[in-house]
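Residue numbers start at 1 and run along the sequence shown. Atoms within each ligand, like the ligands themselves, are counted from 1 in listed order.
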Amino acid sequence: MSDQVRIVEVGPRDGLQNEKTPISVEARIAFVENLVGAGLTTVEVGSFVSPKAIPQMVNSDQVLRAVDHHPGHEFHVLVPNEKGYEAAKAAGAKVIAVFASASEGFSRANINCSVAESIERFTPVVQRAKADGIKVRGYVSCVLGCPYDGDVKPTAVASVSRKLWDLGCYEVSLGDTIGVGTPLKARQLLRVVSGEVPIAHLGMHFHDTYGQALANLYAGLEEGARVIDSAAGGLGGCPYAPGATGNVATEDVVYMLEGMGIATGVDMQKLVAATNEISRLIGKPPVSRVASAINASRRSS
Ligand code: HMG
Ligand code: MG
């Protein structure tokens, strides 16, 4: 496992979309800049969705415009439909992400349409993006369980992943939206889905609700997956996945990878400083075990 892993930092989007405390545009921009300063090169910075659905992501155009000046970095934004695509393109987006679900219940709650209808909606978005030279990432939510429908079969995940891949997504990120997966299920999922989408093009987007995310990632790494989505401090959740907590923490992922001899290029002290600042604004301490340990050791020294 000595090769490279790519981290997609989703804290400024997945992390902040569920926070009740209003965070200013300036603070969102500063958060992204701090993450880039810590060495993260791929950061999801916002979404172009309905302001009624997710008011926290309003003004994502301002965030994107302000941070999009680092050569060699990628700044991703979520786009649910053509209206969102137009806004993202106008703001200069170079990478967008469309988001489908493996389960009907979550699709309906999250984006107000069936899974099949969502693929129909994404088709012109991906076509236009391709024509405009914009890369498209695909998400599949509820890959290891759904808050509305319960168990989700790996074959259902494989089928939606294949559709996104065939549309032209360069990568499909598998979301354990409610963090219910366990390592053997995560491994089995990757085995099945990699029959449809090459493993090098699969991302692991695991929320940590039940504390299994790192173990699930390790199982995925053993299967050959090399793209990990994580959020600084373990921020996050989805308003349409009640009770689900944040993404696996970037600090915890970086600590595990570096401990395995996999270089991440991330400066842990700077990353924890970025987390501490956003946590201060949110008014909650970070849930990341590594950030907590580093903060405790700083206090005692
Ligand atoms: P809808 O109500 O069916 O849409 O919502 P509509 O087309 O009927 O439009 C309704 C209103 O929304 C209209 O405004 C539209 O203009 C507006 P009104 O006339 O009522 O004033 N609208 C928009 N405004 C701004 N940007 C847009 C846009 N589209 C329509 N793009 C819709 C459908 C998809 C828009 C809505 O349900 C929505 O925005 N959902 C977003 C949900 C979301 O962002 N969820 C969180 C991200 S997904 C996630 O967290 C999971 C992930 O992390 C992976 C994992 O963990 O599994 C990615
Ligand atoms: Mg998520």
Decide whether the shortest distance between a heavy atom of Ala241 and an atom of ligand 1 is less than 4.0 Å. no
Taking the six-membered ring for Trp, are His70 and His73 parallel (under 30°), tilted (30 to 60°) or perpendicular (over 60°)? tilted
If the plane angle is over 60° it's perpendicular, under 30° parallel, otherwise tilted; pick one for Tyr139 and His205. perpendicular
Just going by heavy-atom distances, which of [options] is nearest to [atom]?
| atom | options | value |
| --- | --- | --- |
| atom 24 (N) of ligand 1 | Lys83, Gln56, His205 | Lys83 |
| atom 14 (O) of ligand 1 | Glu82, Gln17, Lys52 | Lys52 |
| atom 55 (C) of ligand 1 | Ala231, Gly15, Ser141 | Ser141 |

Do any nitrogen or oxygen atoms of [X] lie less than 3.5 angstrom from nitrogen or oxygen atoms of ligand 1?
| X | answer |
| --- | --- |
| Asn110 | yes |
| Ser47 | no |
| Ile54 | no |
| Phe99 | no |

Around [atom], find the nearest protein heavy atom and jot down its residue, atom name and distance.
| atom | answer |
| --- | --- |
| atom 2 (O) of ligand 1 | Asn112 ND2, 3.8 Å |
| atom 58 (C) of ligand 1 | Arg13 NH2, 3.4 Å |
| atom 38 (C) of ligand 1 | Ala53 CB, 3.8 Å |
| atom 32 (C) of ligand 1 | Ile111 O, 4.3 Å |
| atom 25 (C) of ligand 1 | Val49 O, 3.2 Å |
| atom 36 (C) of ligand 1 | Ser50 CB, 4.2 Å |

Of all N/O/S atoms in Asp14, which lies nearest to the Mg ion (ligand 2)? OD2
Per-atom contacts, ligand 1 versus [X] - under 4.0 Å to a heavy atom:
| X | answer |
| --- | --- |
| Asp14 | 53 (O) |
| His207 | 56 (O) |
| Pro51 | 24 (N), 25 (C) |
| Gly84 | 31 (N) |
| Pro80 | 31 (N), 34 (C) |
| Leu78 | 47 (C) |
| Asn81 | 27 (C), 28 (C), 29 (N), 30 (C), 31 (N), 35 (C) |
| Tyr139 | 54 (C), 58 (C) |

Ring center gap for Tyr170 and His201 short of 6.0 angstrom: no
So what does the His207 NE2 - the Mg ion (ligand 2) - His205 NE2 angle come to, to 10°? 90°
Determine, step by step, whether His69 and Glu33 satisfy the side chain to side chain contact (heavy atoms under 4.5 Å, CB included) criterion, reporting the C-alpha distance in whole Å, the side-chain angles of both residues, the deciding distance to 0.1 Å, and the verdict. CA-CA 10 Å; His69 59 90; Glu33 290 291 354; 3.0 Å; yes
May I ask you to say whether Arg128 pairs ionically with Asp132, meaning some side-chain N is under 4.0 Å from a carboxylate O? no
Is any side-chain heavy atom of Val272 closer than 4.5 Å to one of Glu251? yes
Going by heavy atoms in the side chains, are Thr155 and Val157 under 4.5 Å from each other? no
Could you tell me whether the side chains of [X] and [Y] share a donor-acceptor contact shorter than 3.5 Å?
| X | Y | answer |
| --- | --- | --- |
| Asp252 | Ser288 | yes |
| Gln56 | Arg13 | no |
| Glu104 | Ser114 | no |

Can you tell which part of Glu44 has a heavy atom less than 4.0 Å from ligand 1: side chain, backbone, both or neither? neither
